[in-house]
Structure formats: structure tokens, C-alpha cells
There are 4 protein chains.
Amino acid sequence: MKTSTFEKLPEQKQIRILDASAGVFAQKGYFQAGIAEICQAAGISNGALYKYFQNKKGLYLVVAQRTLSLLREQENTFPMGNESIWIVLPEIFEAVSPFLKEYKDYMVVYMDMGSPSMGEFALELSSTFEKWSFDLFCRIAETAMAKGEIKNDLSIEDVAYFMDNHLLLYTFSCLSEHYNRRFNQFLAKGADRLSNREKIERVMDSFRQFLI
Amino acid sequence: MKTSTFEKLPEQKQIRILDASAGVFAQKGYFQAGIAEICQAAGISNGALYKYFQNKKGLYLVVAQRTLSLLREQENTFPMGNESIWIVLPEIFEAVSPFLKEYKDYMVVYMDMGSPSMGEFALELSSTFEKWSFDLFCRIAETAMAKGEIKNDLSIEDVAYFMDNHLLLYTFSCLSEHYNRRFNQFLAKGADRLSNREKIERVMDSFRQFLI
Amino acid sequence: MKTSTFEKLPEQKQIRILDASAGVFAQKGYFQAGIAEICQAAGISNGALYKYFQNKKGLYLVVAQRTLSLLREQENTFPMGNESIWIVLPEIFEAVSPFLKEYKDYMVVYMDMGSPSMGEFALELSSTFEKWSFDLFCRIAETAMAKGEIKNDLSIEDVAYFMDNHLLLYTFSCLSEHYNRRFNQFLAKGADRLSNREKIERVMDSFRQFLI
Amino acid sequence: MKTSTFEKLPEQKQIRILDASAGVFAQKGYFQAGIAEICQAAGISNGALYKYFQNKKGLYLVVAQRTLSLLREQENTFPMGNESIWIVLPEIFEAVSPFLKEYKDYMVVYMDMGSPSMGEFALELSSTFEKWSFDLFCRIAETAMAKGEIKNDLSIEDVAYFMDNHLLLYTFSCLSEHYNRRFNQFLAKGADRLSNREKIERVMDSFRQFLI
DNA sequence: GATGAATGAGGCTTCATTCAT
DNA sequence: TATGAATGAAGCCTCATTCAT
């Protein structure tokens with residue numbers, strides 16, 4: 001059974017390397033990120049990287065995979081009991097927020113994965129997460145509707161899409177200045193800086209208006 | 001007053017060059033696009049490009065600007081009379097669709113501009129368009145509300161954001177396989193291929209559920 | 001009709017580049033020869049080389065081809081009339097000698113091409129020349145035998161092989177210290193340095209002993 | 001007295017390492033042979049190799065030395081009594097043949113040693129063998145001449161050179177496709193594949209024609 | 001103004017060698 | 001002593017940009 005050299009590294013070091021890589025990938029994008037820069041950031045030698053990963057693309061894929069792992073870990077922290085949707089939704093957005101801060105680099109990498117210029121690079125990988133997010137919001141919508149917390153003449157999937165769009169673009173607004181401005185223009189009367197909490201407040205406002 | 005050499009070119013040639021550039025930028029992304037390839041596609045010499053534009057970035061900016069021009073031209077074709085929102089909205093989506101086909105390359109370039117890996121590259125530029133789109137949807141929402149076509153207990157901006165999100169992600173779904181899959185998963189029960197018309201139908205469904 | 005960039009260069013420059021490349025290839029061998037070193041020797045930039053040739057291997061092949069061209073040019077200077085074999089043979093060896101000096105690098109490259117470590121690299125190429133050399137010596141042997149200058153109970157091809165072996169190993173002795181020592185050990189009582197003329201004298205001695 | 005670590009290894013392991021090394025050296029040539037590949041083939045660790053040998057060159061030299069040892073062992077199997085030259089010569093060629101098969105890798109390494117691209121790498125080493133081969137053929141020629149088996153107006157050394165050339169190029173023809181083709185072109189009317197036995201037959205033909 | 005050959009810095013990757021365990 | 005991970009210099013090649021014609 002051949003475990004890759006990378007997997008035999010102490011977990012702490014693995015994470016250090018992936019974090020550093022994610023940082024560079026996030027800041028510069030895949031193509032502008034330099035192997036040398038990544039290695040320096042990771043505190044490993046140029047050659048070591050190629051012992052751990054097949055090549056730059058291989059590294060990127062592992063970074064992307066860690067993004068998914070992190071997201072899935074995050075999922076488990078979500079409240080999934082029978083709480084009201086009006087408790088669950090803000091909790092999700094607020095759970096996402098520190099995550100976005102802590103793992104911003106990974107999320108930026110993830111965001112880039114959907115960009116056309118990445119080509120089919122990591123299509124399967126990124127699809128994985130969308131699937132999960134689809135399930136989550138469908139479940140929430142279904143539960144809420146069953147409990148009469150939201151209007152019952154709505155299509156479950158449409159509600160899920162509605163919520164997921166909000167989550168997606170809220171996320172983007174935390175990661176990209178472009179989307180931050182867009183968010184603020186629409187939902188904050190063009191305000192310059194909004195705290196995450198304020199943004200979430202605005203999103204919840206929207207939810208209430210449309211869903212009740 | 002120094003007019004750039006490029007502007008002195010016959011308009012047809014200008015467009016040919018920009019179209020070719022957009023094509024390469026769209027297919028490969030900014031960083032992977034090669035000057036040589038662009039020149040060949042544009043049918044001009046390597047040196048000429050640097051007579052017309054300061055450098056690769058300069059070219060990109062002009063391409064991006066043309067994207068905005070095209071979008072603004074498009075705007076004028078939108079029905080802005082007093083038609084019902086239920087006529088205007090599909091018209092917008094359907095007006096966008098051939099545009100997405102005709103100028104897909106430009107739109108892909110535009111989409112890429114929001115990606116974090118492009119950095120602050122064309123921030124101002126891309127903001128321009130969001131502003132216009134904000135105005136458009138606010139106007140539509142306002143009119144519709146005034147006419148009682150949609151619920152009147154909704155915030156104008158929230159409705160605009162709701163609609164713009166849908167337009168944005170519909171657009172993405174036409175440009176990026178990633179977002180196409182996401183769209184289909186949520187709104188088409190995972191169907192593989194949806195025609196634009198079918199997609200729009202689904203979006204309008206959503207609109208009706210949430211806005212009436 | 002697409003002529004390669006290289007072929008469009010002034011012939012003088014082409015030759016300068018090939019000569020320099022041959023020099024480095026000869027001194028270091030294909031694998032140890034560095035592109036940078038070659039370019040410096042050729043007085044061109046690193047990038048230019050890749051405009052002229054597809055890659056290192058491509059360059060090598062062109063160098064090898066020039067070797068063959070040179071050899072074929074050389075062929076034409078050989079006396080092919082009805083002179084006595086005892087005039088023709090020394091003339092060939094002596095024609096080869098300045099050639100070996102002038103184009104030693106190319107000949108070393110050629111010699112390397114037969115070495116197993118070059119793999120199938122330039123097999124076809126090198127075979128070309130052997131064919132020519134086969135024809136030459138067969139012709140000579142035939143003529144000489146017809147004229148009664150050499151024994152007539154010998155197989156033409158065996159005589160040709162005999163002469164070609166001598167030429168080959170004489171050539172090697174001019175190109176490789178290893179073969180120089182071997183030559184001297186056998187034919188010069190271990191003398192240290194023999195002039196080419198002296199070597200040829202010894203070879204002719206041999207010829208006379210075995211062929212008459 | 002410091003015996004090298006390598007020599008303290010069980011002989012079987014020593015041989016295994018050298019055989020593996022010879023295999024890689026033969027297949028790829030010295031410069032293309034990778035230490036890692038060699039170690040894997042030899043079943044030892046990367047670090048061990050550097051305990052056994054000073055460096056890559058050191059390993060190569062030991063491999064080369066083994067080549068010589070093998071050749072010298074081989075020598076002892078040669079019939080050196082008073083047999084007729086027409087018995088001894090084919091015996092030598094036929095003794096060499098299985099050796100070429102069994103130790104082909106070593107012989108290829110040896111052949112490469114004479115190539116100019118190896119530089120002065122192993123000059124002394126390879127000379128050693130030529131010296132032995134010189135002695136062998138001189139002895140044979142002398143004996144044969146004394147017994148009147150070959151013409152007596154020939155120079156001993158020239159006969160030795162003649163025979164050694166044949167042996168050398170026969171050997172090459174078994175090791176390198178290039179020389180195989182050359183051999184066949186001259187001595188087998190361009191036949192594609194000749195068994196070793198057939199080749200030897202042809203060589204002996206030659207010997208008889210020139211020496212009797 | 002237009003051309004396209006030339007430049008050379010910089011990118012990714014390999015690999016002989018060292019060293020901590 | 002043996003291991004194999006780590007090192008980092010050096011290699012090949014690309015490509016945005018410049019410049020001579």
C-alpha cells in the first residue's frame with residue numbers, strides 16, 4: 001500500500017504547506033502563483049514540493065481537496081435539529097463567517113475554481129460541494145415549510161436556490177472587492193464598509209421579506 | 001491631444017482585433033493567453049499590438065471596456081416603457097441570451113474580472129456595469145410595485161438584488177460549466193442540458209413565486 | 001510554403017550557430033551540453049534558439065544533418081577516376097584528415113551518434129552515411145581488382161569492409177584519445193604521438209600487406 | 001587501511017548492485033542514468049549508495065572495473081595451447097558471444113567509455129583492456145605464423161590489428177543497432193538479422209581470405 | 001506605421017548529493 | 001550502518017516586450 005510521501009508527513013506540516021499554498025494561490029491565482037514563492041511561504045525546499053506532489057497542478061488539487069474537507073467539517077457544526085429556520089439561517093451565515101476569515105485563502109481558491117479561465121481544472125471537485133449545499137438548503141426549506149415557518153406555496157428547490165444564491169454572493173462579497181461593492185450597492189445603500197454581522201442582518205431581512 | 005494609434009484604425013479592424021483578443025482571453029484566461037496567439041488570431045503582427053496598446057494589460061483593459069460598451073448598447077434595446085414586469089423581465093433575460101451567445105467571449109472576460117485571482121485589475125471597470133444593472137432593476141421593481149404587479153411590502157433594493165442575483169447566476173450558468181451544473185441541480189432537478197429558454201422559464205417561475 | 005525561421009537566416013549565421021553547437025556537443029556530449037552554453041558560443045540569445053529549433057533535440061538533429069551534408073560534400077572531392085588504388089586510398093585518407101581537423105566537432109558528434117547511450121536518437125541519419133561509405137569502398141575494390149592491382153581471390157565486400165574498418169578506426173583515433181592509444185599500440189609500437197600522415201603511412205602499409 | 005564500505009558487503013550483494021548499475025548505465029548512458037533508478041534497481045537505499053561509493057562517477061568507475069575483471073576472467077577460458085589459429089579464432093569469437101549476452105550491460109558500458117562524450121572519464125581503465133587484447137592477438141598471430149598457418153610476409157602487429165578490428169566491430173554489432181546495420185551491409189548483403197554464429201562465420205571467411 | 005526576429009528574465013521541474021533519524 | 005526525505009543548483013523552455021529594418 002503506497003501512501004504518498006506527503007501523507008506521511010506530520011499532519012501539522014501538511015497543513016502548514018497547504019495553508020501556505022492556499023495563501024499564494026489565493027493572492028495570485030493559480031497561474032501567477034510561483035512554485036518558488038509557495039515553497040518559501042511553506043518553509044520547504046523547491047525539491048521537497050515535488051516529492052510531495054506530482055507537480056503544480058497536483059498541489060493545487062490537494063489544496064482544493066482540503067477546501068472541500070474543511071467545508072464538510074464546517075457542515076457538521078451547523079445546527080440541524082428542529083430549530084426554527086430563523087435561527088438556523090443566521091447561524092449558518094454566522095458559522096460561515098469566521099470560517100471565511102480563518103480559511104479565506106481556501107475559499108478564494110474555491111471561488112476561483114468556478115471561473116472560466118480555470119477551465120475544467122477542478123470541475124468535479126467543486127461540484128462536490130455544490131451538491132452538499134443543495135442538500136442542506138433543501139432540507140432547511142422543507143423543514144421550515146413543514147413547520148409553517150415559511151410560505152407553503154413555494155417550490156422547495158426554488159427556495160433553496162434563493163437561499164444558496166444569497167449565501168454564495170454573501171461569501172463572494174467577503175472574498176472579492178468586486179462582489180463586496182455589489183453587495184453594498186444593493187443592500188446597504190452603497191455604504192462603504194459593512195461588518196459581516198451587518199451584512200448578515202441585511203440578508204436575513206431579505207429572507208424574511210420573501211419567505212414569510 | 002494624442003489619440004491612441006489604435007483609435008485611428010478603421011473601426012472594423014479595431015473590432016476584429018478586440019474580438020480576437022476577447023476570444024483568446026475567454027478561452028485561456030488572462031494569464032494563460034499568449035500575445036503571440038492573440039496576434040495571430042487578430043491577424044496583426046506582434047509589434048503592431050504594442051503600437052496599439054501599451055502592453056498586455058492595456059489590451060485587456062480595452063477589451064474589458066468594449067465589454068461594457070456592448071452591455072450598454074444592449075441596455076438600450078431593453079424595453080423601458082410601461083410594460084408589465086412580467087413582460088419586461090423575460091425580455092431582459094431573453095435579450096441577454098443572444099448577447100451571451102454573440103459576445104460570449106466578452107462576457108467570459110467580464111466574468112473573470114470578478115474573480116479574486118484577477119486582483120484589483122479591472123475593479124473600477126467592472127463596477128461601472130454593476131451600477132447600471134442596479135439602476136435597471138430598481139427601476140423595474142419600483143414601477144412594478146407602483147402598478148401593483150408585485151407585492152408592496154418588499155424593499156425595492158431587495159427585490160432588485162433578488163432579480164440581479166438571478167440574472168447574474170443565469171449568466172454564469174451560460175458561461176461556466178461549474179455554474180451551469182449548479183443551476184441545473186437547483187432548478188432543473190439535475191437535468192443535464194437545458195436550453196436557455198427553458199432556463200429562463202424556470203427563473204421566471206421563481207420570480208412569480210417570490211414576488212407576487 | 002513555410003520555411004523555418006532558421007533557414008531564413010543568412011547562411012553565414014546559420015553556419016556560425018551550427019558550428020558553435022557542434023563544438024559544445026562534441027566537447028560535452030549531447031546530454032551534458034547546455035543550451036545556455038551553446039547560445040553563448042553561438043552568440044545568440046537563449047530565446048532565439050527556440051525560434052530556430054523546436055528544442056534541444058531538434059537542434060541536435062540539424063547539427064547531425066549538417067555533418068552528413070559535409071561528409072557528402074567531401075565525397076565529391078575524392079578522386080574517382082581510374083587512378084590506381086594505391087593513389088586513391090591515400091588520397092581518401094588524406095582528404096579525410098583535414099576534414100577531421102576542420103570539422104572535428106561535427107565528426108565527434110557523428111561518432112557519438114553510434115554510441116549506445118544515444119539510443120535510437122539519430123539512427124536513420126547515421127545509417128545514411130554508412131551506405132555511402134559502403135558504396136565507395138566497393139567501387140574502389142572492384143576497380144582495383146579489375147585492374148589487377150589487388151589479389152583477385154578476395155570478396156569485394158570483404159575488402160571493402162577491411163578498408164572501411166581501417167578508415168573508421170583511423171577516424172576514431174583522430175577523434176578520441178581512447179582510439180588514438182589503441183591505434184598507436186597496434187600500429188606504432190605504442191608511440192605516443194603520431195602525425196596523421198604517419199598514421200596513414202602505417203595504414204597503407206597494412207593495406208599493401210593484405211591486399212597484394 | 002581503509003577498505004571501502006562496498007568491499008565489505010557480501011559479494012553477492014556487491015554483484016547485485018553492480019549488475020543493476022550496469023543495467024541502468026547501459027540502457028540510458030552515464031549521464032541519463034539516475035541515481036534513484038539505479039538504487040531502486042539495486043534494491044538499496046539512496047543513502048547507501050553514497051556510503052558505498054564516493055559519488056556517481058565513483059560508482060561508474062567500479063562498474064567499469066568489473067567490466068574489466070569479467071573480460072579478464074573470460075580471457076582465461078580462451079584456448080591458449082598450440083591449437084591451430086583456425087580453431088582458436090572462432091573459439092574466441094564464440095567465447096565472446098555468450099559473454100556479450102550475459103554481460104551485455106557491462107559491455108555496453110565499456111563501449112560507451114570510448115565515446116568522446118565521456119571525455120577522459122575512464123581512459124586509463126579502458127586502455128587496460130586494449131593492452132590485453134593487443135597481447136592476445138599478437139600471440140595468436142605469432143604462433144600461427146610460426147606454424148605456417150598464415151602467410152609469413154605479414155607484420156605481426158598488423159595482423160593483430162586486423163583481427164582486433166574485426167573482433168571490436170563484431171562486438172559493436174552485437175551491442176549497437178548502428179554497428180549491427182553496418183556489419184550486415186558489408187558482410188551480409190544487407191540482411192536484416194544475422195545470428196551471432198552466422199556473423200562469426202562471415203568474419204572467419206574474411207580471415208581466411210586475407211591471412212592465408 | 002508595420003513587421004517579426006531577438007531578447008532574457010523567470011517559470012517549472014529534475015536530480016546528484018547530504019543529513020537527520 | 002541504513003534509510004529516504006530534504007536540499008537547491010541548474011536545466012530546458014516560454015513569453016511579454018523591444019527594436020532594427
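Proteins come first, then strands; the chains are lettered A, B, ... in the order of their sequence lines, and each starts at number 1. Computation of the quantities below employed the complete heavy-atom set of this structure, encompassing side-chain atoms and omitting hydrogens, waters and symmetry-equivalent molecules.
- Dashed line: the shortest gap from a side-chain N or O of C:Lys8 to OP1 or OP2 of E:dA5 is under 4.0 Å.
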Practice item. Show your reasoning for whether side-chain contact (heavy atoms from CB on, under 4.5 Å) applies to C:Asp105 and C:Val109. Key: CA-CA 6 Å; C:Asp105 292 336; C:Val109 168; 5.6 Å; no

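- Taking atom CD1 on D:Ile44 and atom C1' on E:dT17, their separation rounds to 14 Å, with Å as the unit.
- DNA chain E contains the following stems of three or more consecutive Watson-Crick or G-U pairs, with both distances under 3.5 Å: E:2-21 with F:2-21.
- A close approach under 4.0 Å does not occur between any side-chain nitrogen or oxygen of A:Tyr52 and OP1 or OP2 of F:dA5.
- Between C:Tyr30 atom OH and F:dC12 atom C1' the separation is 10 Å, expressed in whole Å.
- Side-chain contact between A:Tyr52 and A:Ile44: present, with at least one pair of heavy atoms (C-beta onward) separated by less than 4.5 Å.
- Note on B:Lys51: a base of the nucleic acid sits closer than 4.0 angstrom, heavy atoms only.
- Phosphate proximity of E:dT18 to D:Tyr50: absent, as no side-chain N or O sits under 4.0 Å from OP1 or OP2.
- Atom CD of B:Glu37 sits about 10.0 Å away from atom CD of B:Gln32, to the nearest 0.5 Å.
- Listed here is the closest heavy atom pair of B:Ser115 and A:Asp112: OG-OD1, 2.7 Å.
- Summarising the geometry, the separation between CD on A:Glu37 and C1' on E:dA9 is reported as 16 Å, rounded to the nearest angstrom.
- Along DNA chain F, the nucleotide nearest to A:Leu9 and the one nearest to B:Gln32 differ in position, and the one closer to the 5' end is contacted by A:Leu9.
- Place B:Lys56 and C:Ala36 on DNA chain F by their nearest nucleotides, and C:Ala36 ends up nearer the 5' end.
- Residue contacts for B:Gly34: at a heavy-atom cut-off of 4.0 Å it reaches the sugar-phosphate backbone alone, with no base atom in range.
- Backbone-only engagement by C:Ile35 is indicated by non-hydrogen atom pairs under 4.0 Å involving sugar-phosphate atoms exclusively.
- At whole-Å resolution of the value, CD1 in D:Ile38 and P in E:dT17 are 11 Å apart.
- Counting non-hydrogen atoms under 4.0 angstrom, C:Lys13 reaches the backbone sugars and phosphates but no base.
- Nearest-nucleotide mapping onto DNA chain E: of C:Gly47 and B:Ser45, the residue sitting toward the 5' end is B:Ser45.
- With A:Ser69 contributing its side chain and A:Gln65 its backbone, the two residues share a donor-acceptor pair below 3.5 Å.
- With a 4.5 Å cut-off on side-chain heavy atoms, C:Tyr50 and C:Ile35 count as touching.
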Side-chain donor-acceptor contacts of residues 12-27 of chain B below 3.5 Å, not counting sequence neighbours, with atom names and distances?
{"unit_1": "B:Gln14", "atom_1": "NE2", "unit_2": "B:Phe6", "atom_2": "O", "d": "3.2"}
{"unit_1": "B:Gln14", "atom_1": "NE2", "unit_2": "B:Glu7", "atom_2": "O", "d": "3.1"}
{"unit_1": "B:Gln14", "atom_1": "NE2", "unit_2": "B:Leu9", "atom_2": "O", "d": "2.9"}
{"unit_1": "B:Arg16", "atom_1": "NH1", "unit_2": "B:Ala42", "atom_2": "O", "d": "2.6"}
{"unit_1": "B:Asp19", "atom_1": "OD1", "unit_2": "B:Tyr106", "atom_2": "OH", "d": "2.5"}
{"unit_1": "B:Ser21", "atom_1": "OG", "unit_2": "B:Ile17", "atom_2": "O", "d": "2.8"}

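- Rounded to whole Å, the distance from CZ on C:Phe31 to P on E:dC15 is 11 Å.
- Using a 4.5 Å heavy-atom threshold, the side chains of D:Met118 and C:His178 count as separate.
- Between A:Asn55 and C:Leu49, it is C:Leu49 whose nearest contact on DNA chain E lies nearer the 5' terminus.
- Rounded to whole Å, atom P of E:dG8 lies 12 Å from atom CD of C:Gln40.
- Rounded to whole angstrom, the span from the CZ atom of A:Phe53 across to the P atom of E:dT14 amounts to 15 Å.
- Following rounding to the nearest Å, D:Asn46 (CG) and E:dT14 (P) show an atom-to-atom distance of 16 Å.
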